[in-house]
Amino acid sequence: MDEKKIDEKSEEEAKNSSNFIIDIIDGDLESGKRESIVTRFPPEPNGYLHIGHAKSICLNFGVAKQYGGRCHLRFDDTNPEKEDTEYTNSIQEDVKWLGFDWGDNLYYASDYFEKLYQFAVQMIKEGTAFVCSLSGDEVKKNRGTATGAGVESPYRNRSVEENLELFSKMRNGEFKDGEQMLRAKIDMAHPSVLLRDPVLYRIKHMDHHRKGSEWCIYPMYDFAHGFSDAIEGITHSLCTLEFEAHRPLYNWLLDAIHIEKGPQQIEFARLNLSYTVMSKRKLMQLVDENLVNGWDDPRLPTISGLRRRGYTPESIRDFADRIGVAKRDSMVDIALLEHCIREDLNRWVPRRMGVLNPLKMVVTNYNDSEVEYFDAMNNPEKESDGTRKVPFSKELWIERDDFREVAPRKWRRLAPGKEVRLRSAYYVTLTDIIKDETGEVVEIHCTYDPESKGGWTEDERKVRGTIHWVSVAHAAEVEVRLYEPLFTVENPLNTEEDKDFKEYINPESLSVVQGFVEPLIAEFKPEQRFQFERLGYFVVDKESTPEKIVINRVVSLKERFKPKN
RNA sequence: UGGGGCGUCGUCAAGCGGUAAGACAACGGGUUUUGGUCUCGUCAUCGGGGGUUCGAAUCCUCCCGCCCCAGCCA
């Protein structure tokens, strides 16, 4: 990756976080309930990871590291309908990119299918599970309502022998999808609907992405997840709030197969970020309907999208640390994420000059054919990064926004008669404005002060404004992709009326401009990052070629000046 | 109206009976060859009521609000 950052990276691992989960773990260690800590990140391989997953990854791997334990990467692949190897690959890539290492601890719930099957057999033998021959509709009808108890399945009291035989036939493919199911025998009157004889196994004659046609019955989440945790010796099974109601079932199942000192499920609030959406389903929709350009579209909060956008793993980990871990539903301001990437990039990224909305400036008293090379600092934050040569000549591109025919209040930039500093070069004073027939300004003329070479003068005359520029004759033309939030509202999922979230897509979330930048073509390799001074941080896109350089804006610089008119 | 959770600054989030950390955002000052960075400063009495206590955001109680649960999804 970016070899330039090495030295100055602060070692963030020094700081250990604290939250209610850490408190629980501390207590478990103190009381002797646990001797070591094992966590896991258990994605279902049915989509790409997003920054919400990053929160969970940082939490799980972070906790393990903090206690000298280990964190497993386990694919929760119990539903062949939705899962695919494409996703197991991208997920591993993303976790690695984020900077985490699961070592040898890569697991698949599907590798436990045989063990899981045996657990089911054990439960049947002990009378805590039975094969139910009701149809899906009947099961649903019998489940009861929130306020009223359900009714027991007529098959609930089948003999162990019959259950065993039926379950075996299920496995052997002697039934069609939906004809039979394995259910836990709990309590149809349980106040929590989840505990009313939940389904444990269903029949699905469908190939599994890893197991092929080996199985035609697949365990449900509740059955597979807790047992997988138990098999792997997970101590703390961290998941999001929506599984809170499942915890009694999680524990009931562990009890059913007599697991001692089993894993403990602890729930925390999932991440919501303003001006974007986080659910896999919604992201999938945006991708499938071509509302964005693939899973790694730089506007998406996917890990691959953020990577392409120019975010660093360090900045995302820092973000995860800062948002904390708690149980209340929350919506984190996207500004915090942007703060994290600015803070990181500011430290080590080289500065360059680039003009995104060019206006030609002619320095009328500068020699036609002369070219000077000025030394410009690579990074004022880090003098050791040295300087570079920037070519200067009579014709320059400057930013159109740095010129106003009528200066607003407190305007420090170019306006009639005003003197500004061209960064690292000379002071120039605006003398003439050239317009076309329509009245549009097409060019401006300035004179420079030869005494101001390098950007300062002996008389210490005060020049408040400094603007960036690029020599027309030396500039490299690049395509620059500018991004704005994907949605126009903080929470596209929760708005008045029942509008679809897609109605809030920001039509200006992507704009493409042709810009001119310093002629340092050699630097322009994908993932190379820069700060274009006064504009923001940029990264070379993966689509960039030497013939056509493509740059993404990671994030703009903070802009405190807002002209009043 | 069943069950499970949650309510501390605009946004996150500490606090665990002793008199409200920190971060982001915002606003104001200083420095500055990036109106960037840096720096200094301003910015809450804890959903509401009642109670316990010398003392409560922290304990009790009632109320209000928000989130999750009736897939053979995870």
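Each chain gets a letter, A, B and so on, in the order the sequences are listed, and its residues count up from 1. As the structure is a computational prediction, the values presented were derived from the model and not from experiment.
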*asked:* Strictly below 4.0 Å: does A:R560 bring a side-chain N or O up to OP1 or OP2 of B:C38?
replied: no
*Using only side-chain N and O atoms of A:R328, determine if any of them is under 4.0 Å from OP1 or OP2 of B:G5.*
no
*Does A:E44 pair with A:K280 as a salt bridge, N-O distance under 4.0 Å?*
no
*Let me know, please, whether A:L535 or A:D222 comes out on the 5' side of the other along RNA chain B by nearest nucleotide.*
A:L535
*With a 4.5 Å heavy-atom cut-off, do A:L273 and A:F319 have their side chains touching?*
yes
*Looking at every strand, decide which applies to A:S330 at a 4.0 Å heavy-atom threshold: base, sugar-phosphate, or nothing.*
sugar-phosphate
*Under 4.0 Å between a side-chain N/O of A:R202 and OP1 or OP2 of B:C73, yes or no?*
yes
*Out of B:U1, B:C24, B:G35, which has the shortest distance to the side chain of A:A335?*
B:C24
*Counting only distance, no hydrogens or angles, is the base of B:G35 paired donor-acceptor with the side chain of A:R534 under 3.5 Å?*
no
*Looking only at side-chain N and O atoms, does A:K204 come under 4.0 Å of OP1 or OP2 in B:C73?*
yes
*asked:* Between A:K140 and B:G71, is there a contact of a side-chain N or O with OP1 or OP2 at under 4.0 Å?
replied: yes
*Is A:E242 side chain donor-acceptor paired with the B:G5 base, going by distance under 3.5 Å alone?*
no
*Evaluate whether the aromatic ring of A:Y221 and the six-membered ring of the B:A74 base sit under 5.5 Å apart, centre to centre, with an inclination under 30°.*
no
*Using a cut-off of strictly less than 4.0 Å, decide whether A:S18 has a side-chain nitrogen or oxygen near OP1 or OP2 of B:A14.*
no
*Any donor-acceptor pair under 3.5 Å between the side chain of A:Q531 and the base of B:U34?*
yes
_B:C72 OP1/OP2 closer than 4.0 Å to side-chain N/O of A:R143_ = yes
*B:C12, B:A74, B:G15: which one has an atom nearest the side-chain heavy atoms of A:I323?*
B:C12
*Look at the side-chain N and O atoms of A:H339 and state whether any lies under 4.0 Å from the OP1 or OP2 oxygen of B:C24.*
yes
*May I ask you to verify if any side-chain N or O of A:K327 is less than 4.0 angstrom from the OP1 or OP2 atom of B:G7?*
no
